[in-house]
Amino acid sequence: MLSQFFILSSRGDTIAFREYRGDVVKGTAEIFYRKIKTWPGSLPPPIFNVEGIHFIYIRRNGLYFVCTTKFNISPTFVVELLTRISSLCKDYCGVLNEEAIRLNFVLVYELLDEVLDFGYPQVTSTEALRACVLHKPVELSAGSSSPRIGLAQNRDQRTLPSSAANKSVAFGSTGREGEKHELFVDLLERMTVLIGANGSVLRADIDGAVQLKSFLTGSPEIRLGLSEDISIGKSTTGPGGGIGVPLDDCNFHQCVRVDEFEKDRTLAITPPDGEFTVMRYRCAGDFRHKLPFQMLVMIEDSDPKTIEVVLKLRCDIPADQHASNLIVRFPVPKSTTSVSPVLAAGSGQTAEYKSADKVQIWKLRRCPGATEHSARFRLNLSDKGRSTRKEVGPVSLEFEIPMFLCSGMSIRYLRVIERSGRTYSPLRWVRYITHSDSYVIRT
């Protein structure tokens, strides 16, 4: 049983607060925020204790969802509850950020009153709460600079802003006048890669997910056709052996019927309200496409007080694709006093040296496929020893690649079948995105 629940902004402002039992001291939100800011290293673990009070929290989009209790309850149960509450806020507010929560604070409190009763969880289903939540959400206006998503099938346009899916489920299937029937599907992959100093791949894993958000009336069945050449298990060979998409394992949402999955890789879905994950999968080692990035790191001794680091980055994705928001980081020696970067002019590249963390950052706003980029960094040192060179690296990459999946997973078709048999032709949108989870090159 929970004593309190609250939502904090990244600055520590209390956005929402509920007291359920009155058995903990006042000012717990301030105690929590002071603790996470003074915790040695990075963020504290998801659960910690301060003077007999258990704090359990998650962080989503810069917001802290926190609950307190004095009872010995299951931490994983509470983390799952907080995750469901954050998902409810996203489903009903359309987007999960500080502005949306502040504009819809009445709606958020209405959700909390239904989800928690005297600190006991009651119901966390988006669909079940629809009949209980009566307050209409305030929808945020979409920014003009939003990235765009690709289209599976549409009668009018080929792309939409990615914020188009940020709508409340309160409007998604009520038949509101002027509201389009739409279906949004995301194929998301996060890469964990470790490359040795000699260029050999030591580890390459992909954690993928198929996410769906439905704004359809009634209860239509969705048929989602995935790549026919998916192979599951360790009995497959590499791409040269004729495999397509090798998956180590996968699992499905409870609303998915997998009767035809073994036959032709088709999923039959009866979608619940809100956003949910249709399928999760994992693959390691053998991918259809090359790793998106290779990097050559060269360290040169120029004089007794200087080291030069040269980075040569090669983007191996297809030429008609591009990576965005590419960030390259590498630690520098502790004796570094300053860094002088040399970048290509007019290429949208920037460099920043964080002296407090002893980290050099190189940013590329856009990196087209089949291109190479290089940068040179001159490290000015106060002292140079034998082990100074070893303090440089490893190099880590953060990036996002729209409309590209390294595993080769794809959607063949997306159909909506109305149970009554009538013609039902909603707008269907599909987006592919590859993110870096941990992409490290040793030096």
Would you say the side chains of [X] and [Y] form a donor-acceptor pair under 3.5 Å?
X    : Y    : value
S410 : S227 : yes
T266 : Y413 : yes
H373 : T371 : yes

Spacing of [atom1] belonging to [X] relative to [atom2] belonging to [Y], to within rounding of 0.5 Å:
X    : Y    : atom1 : atom2 : answer
E182 : W429 : CD    : CH2   : 7.0 Å
I58  : L63  : CD1   : CG    : 10.0 Å
F6   : E19  : CZ    : CD    : 10.5 Å
L82  : I56  : CG    : CD1   : 7.5 Å
I206 : R190 : CD1   : CZ    : 12.5 Å
L103 : C93  : CG    : SG    : 9.0 Å

Output yes when a side-chain donor or acceptor of [X] lies under 3.5 Å from a complementary backbone atom of [Y], and no otherwise.
X    : Y    : answer
D264 : E228 : no
E400 : T434 : no
K70  : D23  : yes
E260 : K263 : no
R412 : L226 : yes
E110 : L134 : yes
D91  : T126 : no
Y33  : T28  : no
Y281 : V210 : no

For [X], is the [atom1] atom crowded, meaning more than 12 foreign heavy atoms sit under 6.0 Å from it?
X    : atom1 : answer
R102 : CZ    : yes
R442 : CZ    : no
N72  : CG    : no
K358 : NZ    : yes
R265 : CZ    : yes
Q122 : CD    : yes

Note: D113-R18 ion pair, threshold 4.0 Å (strictly below): yes
Partner set under side-chain contact (heavy atoms from CB on, under 4.5 Å) for E372, not counting sequence neighbours: R314
Would you indicate whether the side-chain heavy atoms of [Y] and [X] approach each other to under 4.5 Å?
X    : Y    : answer
P402 : H322 : yes
I441 : L397 : yes
M409 : L247 : yes
I31  : F55  : yes
Q4   : F17  : yes
F399 : S436 : yes
L116 : L81  : yes
L291 : D316 : no

From CA spacing to verdict: side chain to side chain contact (heavy atoms under 4.5 Å, CB included), E398, N325: CA-CA 8 Å; E398 297 178 17; N325 304 320; over 6 Å; no
Between Y353 and F377, ring centroids under 6.0 Å: no
Chi angles and distances behind the salt bridge (Lys or Arg N to Asp or Glu O under 4.0 Å) call for D248, R282: CA-CA 6 Å; D248 286 16; R282 185 175 62 88; 3.7 Å; yes
Over all heavy atoms of both residues, which pair between [X] and [Y] is shortest? Give the atoms and the distance, please.
X    : Y    : answer
F293 : Y439 : O-OH, 2.7 Å
R415 : R428 : CA-NH1, 4.1 Å
L8   : I15  : C-CD1, 4.3 Å
P271 : P220 : CD-O, 3.6 Å
G94  : K213 : O-NZ, 3.7 Å
Q360 : A351 : NE2-CB, 3.7 Å

Step-by-step side chain to side chain contact (heavy atoms under 4.5 Å, CB included) determination, D437 to M191: CA-CA 5 Å; D437 194 18; M191 301 192 70; 5.9 Å; no
Step-by-step side chain to side chain contact (heavy atoms under 4.5 Å, CB included) determination, F48 to K35: CA-CA 10 Å; F48 57 88; K35 192 69 175 179; 3.6 Å; yes
Those residues that, when tested against F5, pass ring pair (Phe, Tyr, Trp, His ring centres under 6.0 Å) (two or more places apart): none
Partner set under ring pair (Phe, Tyr, Trp, His ring centres under 6.0 Å) for Y20, not counting sequence neighbours: none
Residue pair I85, L112: steps toward the side chain to side chain contact (heavy atoms under 4.5 Å, CB included) verdict: CA-CA 8 Å; I85 292 176; L112 291 177; 4.2 Å; yes
